[in-house]
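One structure is given below, encoded as structure tokens.
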2 protein chains.
Amino acid sequence: MVANTLKLKQRRSRERRERIVAAATRLFGRRGIAQTSLTEVAKLAGVPLPSLYDYFKDKQDLVAAVPEDNYLALYERLTAVANGKQGPRQQLRATFLANLEYIRDNPDWGRVFFLEIWPSAAVGQARIRKAVDRYGLHYVELIRRAVAAGEYTRDLDPYLGMSLLMGSLCHLTAVWLLYRKPYELVDRGTAMFDLTEVSFLRRS
Amino acid sequence: MVANTLKLKQRRSRERRERIVAAATRLFGRRGIAQTSLTEVAKLAGVPLPSLYDYFKDKQDLVAAVPEDNYLALYERLTAVANGKQGPRQQLRATFLANLEYIRDNPDWGRVFFLEIWPSAAVGQARIRKAVDRYGLHYVELIRRAVAAGEYTRDLDPYLGMSLLMGSLCHLTAVWLLYRKPYELVDRGTAMFDLTEVSFLRRS
DNA sequence: GACAATTTTCGAAGAATATTCGAATTTAAT
DNA sequence: ATTAAATTCGAATATTCTTCGAAAATTGTC
């Protein structure tokens with residue numbers, strides 16, 4: 001247990017940091033980043049305002065911490081799900097749907113990531129971009145394998161396929177979040193994946 | 001000529017407003033909204049800071065004006081292009097590509113709209129949402145007609161089809177803008193449209 | 001063309017928010 | 001027990017957004 005071997009002081013400090021990120025996720029996710037002041041974040045986290053700066057360089061840095069703190073859990077879930085399936089095609093499908101499930105279960109995080117971070121200038125920062133790239137490359141790799149296995153047509157450009165899937169994912173999520181969840185995200189995502197995949201398949 | 005019949009004072013006022021929006025489009029588009037201060041906008045527009053408030057309620061209001069000032073030109077272009085084609089399928093394709101051309105030719109606007117406005121909380125404002133909805137419905141309508149004409153399969157849900165196209169469009173544009181235009185937008189958009197459309201077609 | 005009414009402009013001040021500084025406190029190490 | 005190190009946070013500063021109202025410019029009227 002890492003947490004237990006940490007010195008008392010360090011552990012407390014870490015818990016504090018986590019409380020701040022949790023508060024930020026919630027507030028940024030509900031009201032948007034621009035509409036949330038650090039004063040509010042500090043209040044919800046139960047720490048004095050200047051203490052935020054003991055953990056984060058500035059507001060932007062706190063914003064970046066929100067998705068970062070979720071990547072680990074997300075990737076674990078995605079790989080766990082994918083490993084349970086056989087064949088790249090099934091793995092791709094399972095990954096896509098697990099991704100939507102994660103968003104459904106963590107809408108605040110989803111909103112910060114898909115609506116505020118990923119599209120915004122934040123991606124210009126190397127730190128965030130790296131994570132986003134990794135995210136996309138995971139899909140590229142699965143598509144590539146499905147092509148190699150002969151499940152998808154040889155004509156398929158894996159990057160184009162990835163753009164299609166990521167684009168659908170983002171758009172679906174954005175509409176779901178912005179229009180107050182007018183449909184069941186995973187169900188609709190399933191329909192969308194199956195529709196998209198038609199164009200990936202080998203012409204018989 | 002509306003502009004010429006306007007009283008001198010009103011005309012100057014309108015030109016001023018246009019200069020402000022132009023400055024805002026440029027700065028918001030290059031640095032992002034959060035990283036751009038109104039002081040900078042005012043300076044680039046050549047007006048004193050408080051004068052911004054003679055035209056816009058607050059910063060958010062100025063942000064909203066950026067896409068609004070472009071809709072007219074965009075819609076004109078889209079409908080002109082679509083009307084030159086026959087059959088809903090060709091019209092849809094032409095619309096999609098003309099849309100990409102407009103983005104390519106107005107990247108600052110594209111960035112403000114696709115990266116800052118559309119995904120952000122701003123869509124929560126009725127005024128902006130209305131415009132966005134209209135945008136999407138245009139695609140829905142064209143798809144619907146293509147289905148009715150028997151060009152697309154009857155199984156196709158027009159809304160799902162729209163999500164797919166809009167998702168692709170957004171993602172393609174976002175990557176193009178954020179990764180410093182690594183490909184020719186319209187060419188890649190063409191490949192993407194054709195790939196997506198495979199899943200719309202009637203199974204023979 | 002002079003005068004009043006109206007609209008437009010913008011300097012000065014205020015409010016909200018982000019950020020820094022460093023001294024006080026707490027914990028860890030010797 | 002004493003020193004060193006890390007952590008916390010009150011007080012002060014900097015930046016940015018926003019308001020107010022008086023000055024200036026324009027328009028309408030006689």
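In what follows, every heavy atom counts, from backbone to side chain, and hydrogens, waters and symmetry copies are set aside. Below, read A as the first sequence line, B as the second, and so on, with proteins coming before strands; counting in each chain starts at 1.
- Arg144(A) and Glu141(A) are joined by a salt bridge, as a carboxylate oxygen and a charged side-chain nitrogen come within less than 4.0 angstrom of each other.
- The Lys59(A) side chain lies nearest to dT19(C) when the options are dT27(D), dT19(C), dT9(C).
- When rounded to the nearest whole Å, the span between CG of Leu49(A) and C1' of dT19(C) equals 9 Å.
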Test side chain to side chain contact (heavy atoms under 4.5 Å, CB included) applied to Leu201(B) and Tyr152(B), step by step: CA-CA 4 Å; Leu201(B) 295 173; Tyr152(B) 289 160; 3.9 Å; yes
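- For Arg104(B), the CZ atom is densely surrounded, since the number of other residues' heavy atoms within 6.0 Å is greater than 12.
- In summary, Arg93(B) and Asp194(B) engage in a salt bridge, as defined by a charged side-chain N under 4.0 Å from a carboxylate O.
- In this pair, Phe193(A) and Phe96(A) present their aromatic rings tilted. The plane angle is within the 30 to 60° band.
- Following rounding to the nearest Å, Leu38(A) (CG) and dA14(D) (P) show an atom-to-atom distance of 19 Å.
- For Arg14(A) and dT8(D), the CZ to C1' distance is 18 Å, given to the nearest whole Å.
- Cation-pi contact between Arg134(B) and Tyr71(B): absent, since separation from the ring centre below 6.0 Å together with deviation from the ring axis within 45° is not met.
- Nucleotide dT19(C) holds its C1' atom 16 Å from the CD atom of Gln35(B), rounded to whole Å.
- For Lys9(A) against dA28(C), a side-chain-to-base donor-acceptor contact under 3.5 Å is absent.
- Listed nucleotides: dT19(C), dT27(C), dT7(D). Nearest to the side chain of Gln10(A): dT7(D).
- Across the protein-nucleic acid pair, Arg12(B) atom CZ and dC10(C) atom C1' stand 15 Å apart, rounded to whole Å.
- Between Arg11(B) atom CZ and dA25(D) atom P there is a gap of 18 Å when expressed in whole angstrom units.
- Residues from residues 50-58 of chain B lying near DNA chain C, meaning a heavy-atom separation below 4.0 Å, are Pro50(B), Ser51(B), Asp54(B), Tyr55(B) in numerical order.
- Taking atom CG of Asp61(B) as the reference point, atom C1' of dC17(D) lies 14 Å away to the nearest angstrom.
- Nucleotides of DNA chain C nearest to Ser37(A) and Pro48(B) differ in position, and the one nearer the 5' end is that of Pro48(B).
- The aromatic rings of Tyr135(B) and Phe113(B) lie tilted to each other, with the angle between the two planes from 30° to 60°.
- In this structure, CD1 of Ile33(B) is placed 12 Å from P of dC17(D), rounded to the nearest angstrom.
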